[in-house]
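Just below is one structure, and these are the notes that go with it.
Protein chains get the first letters and strands the later ones, always in sequence-line order, with residue 1 at the start of each.
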Number of protein chains: 2
Amino acid sequence: MRSEDIAKLAGVSRSTVSRVINNYSNVPEATRAKVLRIIEQYHYEPNSFARALAGKRTDTIGLFAISMNEKADASRIYQNSYFAPIVDLVVDTANARGFYVLIHTVYSPSDFQKIKQAFQQKRIDGGILVGTQKDIELVRELVSQDSPLVLIDYDISEIMAERLNKNHLAVINSMDYEGTVQAIEYLIKLGHREIGIIKGRINTFSGRERYMAFENTLQSHGLPVRDEFILEGDFLKETAYLETAKLANSGNLPTALFCSNDDMAISAMEAFAAQGISVPDQVSIIGFDDVELASRINPKLTTVRLPIDEMAKASVEKVISLCDTVEPTFSTVSFPAHLVIRDSCKSLL
Amino acid sequence: MRSEDIAKLAGVSRSTVSRVINNYSNVPEATRAKVLRIIEQYHYEPNSFARALAGKRTDTIGLFAISMNEKADASRIYQNSYFAPIVDLVVDTANARGFYVLIHTVYSPSDFQKIKQAFQQKRIDGGILVGTQKDIELVRELVSQDSPLVLIDYDISEIMAERLNKNHLAVINSMDYEGTVQAIEYLIKLGHREIGIIKGRINTFSGRERYMAFENTLQSHGLPVRDEFILEGDFLKETAYLETAKLANSGNLPTALFCSNDDMAISAMEAFAAQGISVPDQVSIIGFDDVELASRINPKLTTVRLPIDEMAKASVEKVISLCDTVEPTFSTVSFPAHLVIRDSCKSLL
DNA sequence: CTGAAAGCGCTTACAG
DNA sequence: CTGAAAGCGCTTACAG
């Protein structure tokens, strides 16, 4: 069943059918009703590809979860508890707005081509990128096609420096710096002076922000930043477990460990437990993100909560509105983060 | 950049360019190389919609998570921990095979239209449905379009009865019945004789299977099936919490409670805890699915493990092979389930 | 208000 | 082996 069939049945031309479908104003109510009735009756659905080819939108947005530094493993992106809820919320929000969502994960530069292709092949009207690394080249390529694009967690200053802000672009961030300051100052208030960190992926904006906030806060309070308490991490469980085990074995422990996300905090707790080191009695632990597990493990994890839901929803709204506007616009929102105190930190006072 | 541009640059016709792109055999190596080089050089990407319109595949599969009985709430489908990993694995597997995946959640019959549309509008080559209810009408509609379709968790006998098996169709199931039998017999072996259940959504195949296995196993062991220990459930946390709280308040407890999935088992544990009833001392609890949380809560949940990963992967492989075959085929696989014993069940002997 | 026609960017018989 | 042409199913100036 094609628009031509509908046209015949309704006694009009394809042009008119198309006008009805696209809700153009210049068709009389009677004609519109007639055409609509036939469409209803035959359950006609315009071919989305033909529409797209003729210049209409695809009503599909792309969602790309980028995690380029890791080794091959079928499900590895979801090792990161931060992605899953974003994916879920984006899908639900977009669906509710009448959009399909096309998902692709990116583990390697060649996967990244898939994003560009999705745009170039016109599969999507706009896209959301999450987990973008500091890699302006990649973003520039995308943005230079001037496709509506939303970046979750990206350093705005890089955008400004490259003057990419004259395109259809938006950035959705969280206040990682401020959240981390809250966390560290809370530890300090509890009397901790030897505070360590497991770093996040340092080529992400949030990874850098959390680390910088950690270092700056210690320094501004006159506390030491000790190399042996700075553990390398990548936001993933495995590395965090290994690094924590190493720290535990060294016999030289900080009194508190700030973990750049919850996945790593929980792994650290497990690693300590495996060595018979008790949390929070021997070492306090604090995380970031407030994933579902955080409030259900034992001890319950003190962490910094991010409004992931709102961020995901905002991304969808933003990308849709970017698709709707002809004029290039750049905008940015930063969502607040706040400390959630539970049971994984002990007062030393 | 269109195929025509490439053709000009390569000094051939669009036909030849197309033949190269589609890897047809009847083009000499020299010509092929020449065309390929130009394509490379200009980063040409054929427009996917034009290809699809001209009859090629879309290289996209649809994934539809159906959960029609619930009330409106933006993220409700993911209240169900069973869906999330399936979504994740399907995306990763499909991506690895070069397919995009188009996702849509279905909460209402009108959402369901979106599935049909996705097929009718030719947005996807094939689709995977998860959470399908007993609703052969719906499946028949889809199948009668003869689109490659994979159903996860569906009663095969319904398919056979309707002779839908002459279409491009596959069903991926798990051995819910056998898994439940293992769980119940384990409880019996521990000395339990008063065993209750929280039912799953009874219009799903797995919901029915788990319930039937529960009832049959009790009966075959000469044990009572008491109405007051049969709690209505829908696989979701909230209802399970409420029903368990009611049971706890009644003052009349079974010694063990089989929960039709882990989400409900965990909620039941929380409801009991809130009433000061200790698991497993006062009541043993057993779940189904083995979600991530199961092994991390306290006490660790004894449950029935399902190979969700393999099921998700198999679905993708299946739908892709269905897209590749001209002849209609029907196939079905049932994945094993097995009991994982942890700490939430107590021996009464 | 409305239809005929061109065009979107491909693929694929068809003919040579 | 290869090109010209028709066709996939829409939309949108254009002309009336």
Check: Is A:Asn26 touching bases, backbone alone, or none of the nucleic acid, heavy atoms closer than 4.0 Å?
Finding: base
Notebook entry, point to check: Whole-Å distance between C:dC8 P and B:Met1 CE?
Noted result: 15 Å
Item checked: Residue whose nearest DNA chain D nucleotide is more 5′ - B:Arg14 or A:Gly55 -> B:Arg14
Notebook entry, point to check: With a 4.0 Å cut-off on heavy atoms, is B:Ser15 in touch with a base, just the backbone sugar-phosphate, or nothing at all?
Noted result: base
Note to self: Over all strands shown, is A:Ser48 touching base, sugar-phosphate only, or nothing at heavy-atom distances under 4.0 angstrom?
What the structure shows: nothing
Item checked: Value in whole Å for how far the P atom of D:dT11 lies from CD1 of A:Ile6 -> 12 Å
Next item on the list: Provide, to the nearest angstrom, the distance between the CG atom belonging to A:Asn47 and the P atom belonging to D:dG9.
Entry: 7 Å
Check: Considering only D:dT12, D:dG3, D:dC10, which nucleotide approaches the side chain of A:Arg51 most closely?
Finding: D:dC10
Check: To the nearest angstrom, how far is B:Ile21 atom CD1 from C:dT12 atom P?
Finding: 11 Å
Check: Thinking salt bridges, do A:Asp324 and A:Arg57 make one under a 4.0 Å N-O criterion?
Finding: yes
Note to self: Categorize B:Ser18 for me: base, sugar-phosphate, or nothing, with a 4.0 angstrom heavy-atom threshold over every strand shown.
What the structure shows: base
Next item on the list: For the side chain of B:Leu53, starting at C-beta, report the closest nucleotide among C:dG9, C:dG3, C:dT11.
Entry: C:dG9
Notebook entry, point to check: Taking the side chain of B:Val27 as its heavy atoms from C-beta onward, which of D:dT2, D:dG9, C:dC10 lies nearest to it?
Noted result: D:dT2
Next item on the list: Examine the side chains of A:Asn47 and A:Arg2 and answer whether a donor and an acceptor come within less than 3.5 Å of each other.
Entry: no
Margin query: So, applying side-chain contact (heavy atoms from CB on, under 4.5 Å) with A:Met311, which one of A:Val333, A:Val90, A:Ile172 is it?
Written below: A:Ile172
Note to self: Can you tell me which nucleotide in D:dG3, C:dT11, C:dC1 comes closest to the side chain of A:Pro28?
What the structure shows: C:dC1
Margin query: Taking the minimum atom-to-atom distance to the side chain of B:Ala54, which one of D:dC10, C:dC10, D:dA5 wins?
Written below: C:dC10
Check: Which listed nucleotide (D:dC14, C:dC10, C:dA6) is nearest to the side chain of A:Arg19?
Finding: D:dC14
Item checked: C:dA4 base / A:Ser13 side chain donor-acceptor hit below 3.5 Å -> no
Next item on the list: Round to a whole Å and report the spacing from CZ of A:Phe49 to P of D:dC8.
Entry: 17 Å
Item checked: Electrostatic pair B:Asp59-B:Arg97, nearest N-O below 4.0 angstrom -> no
Check: For A:Lys56 and D:dA13, what is the distance between atoms NZ and P respectively, to the nearest whole Å?
Finding: 10 Å
Check: Of the nucleotides C:dC10, D:dC10, C:dT12, which has the atom closest to the B:Tyr24 side chain?
Finding: C:dT12
Checklist line | Distance, rounded to the nearest Å, where A:Glu4 contributes CD and C:dG3 contributes P | finding: 12 Å
Next item on the list: Please check if atom CD in A:Glu40 has more than 12 non-hydrogen atoms from other residues, nucleotides or ligands closer than 6.0 Å.
Entry: no
Check: Considering only side-chain heavy atoms of B:Ala50, which listed nucleotide, C:dG9, C:dT2, D:dT11, is closest?
Finding: C:dG9
Notebook entry, point to check: Centre of A:Phe64's six-membered ring, under 6.0 Å away, within 45 degrees of the axis: is that where NZ or CZ of A:Lys114 sits?
Noted result: no
Margin query: Please report the distance, rounded to the nearest Å, between CG in A:Asn22 and P in D:dC10.
Written below: 11 Å
